[in-house]
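Below, read A as the first sequence line, B as the second, and so on, with proteins coming before strands; counting in each chain starts at 1.
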Amino acid sequence: MFRNQYDTDVTTWSPAGRLFQVEYAMEAVKQGSAAIGLRSSKHVVLASVNKAASELSSHQRKIFKVDDHVGIAIAGLTADGRVLSRYLRSECINHTFVYESPLPVSRLVVQLADKAQVCTQRSWKRPYGVGLLVAGLDELGAHLYYNCPSGNYFEYQAFAIGSRSQAAKTYLERKFETFNDSSREELIKHGLLAVKETLQGEKLTSSICTVAIVGVDEPFHKLDLGTVQELIDVLEAEEAGTSEPQREGDQSAMQEDSPDVAPMDI
Amino acid sequence: MDSLASDPVNQCTATSFEMDSQRTQYPYVTGTSVIGVKYEDGILMAADTGASYGSTLRYKSVERIKPVGKHSLLGASGEISDFQEILRYLDELILYDNMWDDGNSLGPKEVHSYLNRVMYNRRNKFNPLWNSLVLGGVKNGKKYLGMVSMIGVHFEDNHVATGFGNHLARPILRDEWREDMTFEEAVKLLEKCMLVLLYRDRSAINKLQIAKITEEGVTIMPPYALKTFWGFSAFENPTKGAEGSW
């Protein structure tokens, strides 16, 4: 009935030193549709793949504005993600109320991670089944964090989570060195291309993805459908123009075939 | 409050907050004016070191300007014990802020806002901290100078003064203050204000402290006295011009 005898509750160790319930929660993140984040020194872009649960329904929201300077993209259980986004919003607004200044992103992320960690150490709780990419800007610059159900968090230049995120990660690994000095437009372009990688052949359109940005003098906001479609059209025109140098693409295809363990995998 | 305190009937039927000790709701040992100005490198603050017990000049060396964290300077007039309580709050605030150890720190703007929340919150409990606070600081090259009153009124300005200073020092500051004053000019201006206060404010004493905060940090200078001249004819016979008063 059970996969093994050490996974019936979160707080039970396996003899190998693992917490299976926590690991299962991490799996939930991989089930959700992909979410991607990348940053330059002045901007952070979040992008997500929108998948409707059925032909008859609309897709669920994957990107949430937390405050003017912070936003998140989620993958996994959307319901858990919504609860956490509400928590983040209230932390930000309380900080603004008391100090009349925005909450530093690193602190918000630690508080979120602490909240997730508690769920891995209480027998009557369950871990959150959601991974969050937290994008934000503060006095110290632009930041991108990944928060996972285990209570761990990491800061990234670029990252992807959710189903088929490996393809996006491969793309980002190849390009991330240029990101720090990228312009806002280039960053969005890379975000869209990373999203495209996760689609595996499916056509990239503005209806299938959401893009959001936060940066210097630009509060967190989603790009509207028209803007995104225009950018996609430009990308496709560029690609059609440079279909010759396909060599580079061949190499990446090799990497994508390799087993699903990226150096960034957690 | 006074009418409540002197009305035993009302006191018996009072609700819980009114039954709390009333002696904490009026000042006992108080300090007088604090003045703060912006100058070219940062903020300068001045206050004397006197503390009065009612109208008795009771203590002569009470420091009323203190550093708060790395970027802020706090000056207080009003109840000294309440000021000490505020300093305890701020010590804790700064401690917990440092414990994050993440490179972020509260600047003067944040501390000012926090103080305002504390003051307004206590006023709403009908148990105010009986102080006027001057908060100045420099962070990331930006100068900040503001005030918070005991009822939670708060504002920023280029020069501020509490208590009597509001009436006697600020008119001088309005005439003579400039954004690009050098340290020496600003100290001179503060001393001029403090001298006027010494002459006309009965709670002021001739032992004052000047503190500065710049990008480099806080310097609180040791107290010293101003040179006074009491030979003005108006001082020799103060009631001369006021016919029939007493």
Side-chain angles (χ1 to χ4, degrees), chain A residues 39 41-42 44 66-70 72 87-88 90-118 132 134-147 151-157 180 214-217 219-220, chain B residues 68-72 74 86 88-125 129 133-149 152-157 215:
Chain A
R39 59 159 259 258
S41 55
K42 287 185 175 158
V44 197
V66 172
D67 201 344
D68 277 341
H69 69 301
V70 187
I72 57 167
Y87 170 75
L88 296 176
S90 80
E91 288 302 308
C92 281
I93 211 162
N94 284 334
H95 190 279
T96 312
F97 174 73
V98 177
Y99 301 104
E100 281 176 28
S101 75
L103 177 59
V105 187
S106 61
R107 295 197 179 175
L108 181 68
V109 162
V110 171
Q111 289 193 279
L112 177 62
D114 288 355
K115 194 175 165 66
Q117 191 279 336
V118 169
L132 296 95
V134 183
L137 187 82
D138 58 28
E139 269 185 14
L140 303 175
H143 301 282
L144 174 68
Y145 289 92
Y146 170 53
N147 273 72
N152 283 310
Y153 68 97
F154 307 88
E155 185 164 15
Y156 286 101
Q157 181 81 50
N180 208 43
V214 60
V216 176
D217 298 328
F220 186 90
Chain B
V68 178
K70 272 195 183 128
H71 313 287
S72 313
L74 179 66
I86 289 167
R88 280 189 43 237
Y89 291 154
L90 290 172
D91 260 0
E92 187 180 297
L93 183 80
I94 297 297
L95 178 68
Y96 280 104
D97 190 52
N98 287 336
M99 277 165 65
W100 283 95
D101 195 22
D102 61 356
N104 292 298
S105 57
L106 295 169
K109 176 174 138 60
E110 286 80 27
V111 176
H112 186 218
S113 174
Y114 170 82
L115 282 171
N116 175 44
R117 289 295 162 217
V118 172
M119 299 301 268
Y120 184 63
N121 188 253
R122 289 291 296 263
R123 159 255 167 96
N124 281 348
K125 289 179 179 154
L129 294 162
L133 303 171
V134 175
L135 198 284
V138 184
K139 195 187 176 193
N140 299 332
K142 284 197 78 171
K143 291 174 244 177
Y144 188 96
L145 182 61
M147 260 188 71
V148 190
S149 80
V153 175
H154 64 296
F155 54 88
E156 266 188 82
D157 214 330
E215 198 76 65

Q: Counting a contact as any heavy-atom pair under 4.5 Å apart, which residues of residues 107-118 of chain B contact chain A?
A: B/Lys109, B/Glu110, B/Ser113, B/Tyr114, B/Arg117
Q: Restricting to non-hydrogen atoms, name the atom on A/Leu140 and the atom on B/Asn104 that form the minimum distance, rounded to 0.1 Å.
A: CD1-OD1, 3.5 Å
Q: Pull out the residues in residues 109-118 of chain A that come under 4.5 Å of chain B, heavy atom to heavy atom, sorted by number.
A: A/Val110, A/Gln111
Q: Is the NZ atom of A/Lys42 crowded by more than 12 outside heavy atoms at less than 6.0 Å?
A: no
Q: Tell me, yes or no, whether the heavy-atom count around A/Tyr153 atom OH, taken from other residues, nucleotides or ligands under 6.0 Å, exceeds 12.
A: no
Q: Looking at CD of A/Glu100 and NE2 of B/His154, how far apart are the two atoms once the value is rounded to the nearest 0.5 Å?
A: 5.0 Å
Q: Quick one: what part of B/Asn121 sits under 4.5 Å from any heavy atom of chain A, side chain, backbone, both or neither?
A: neither
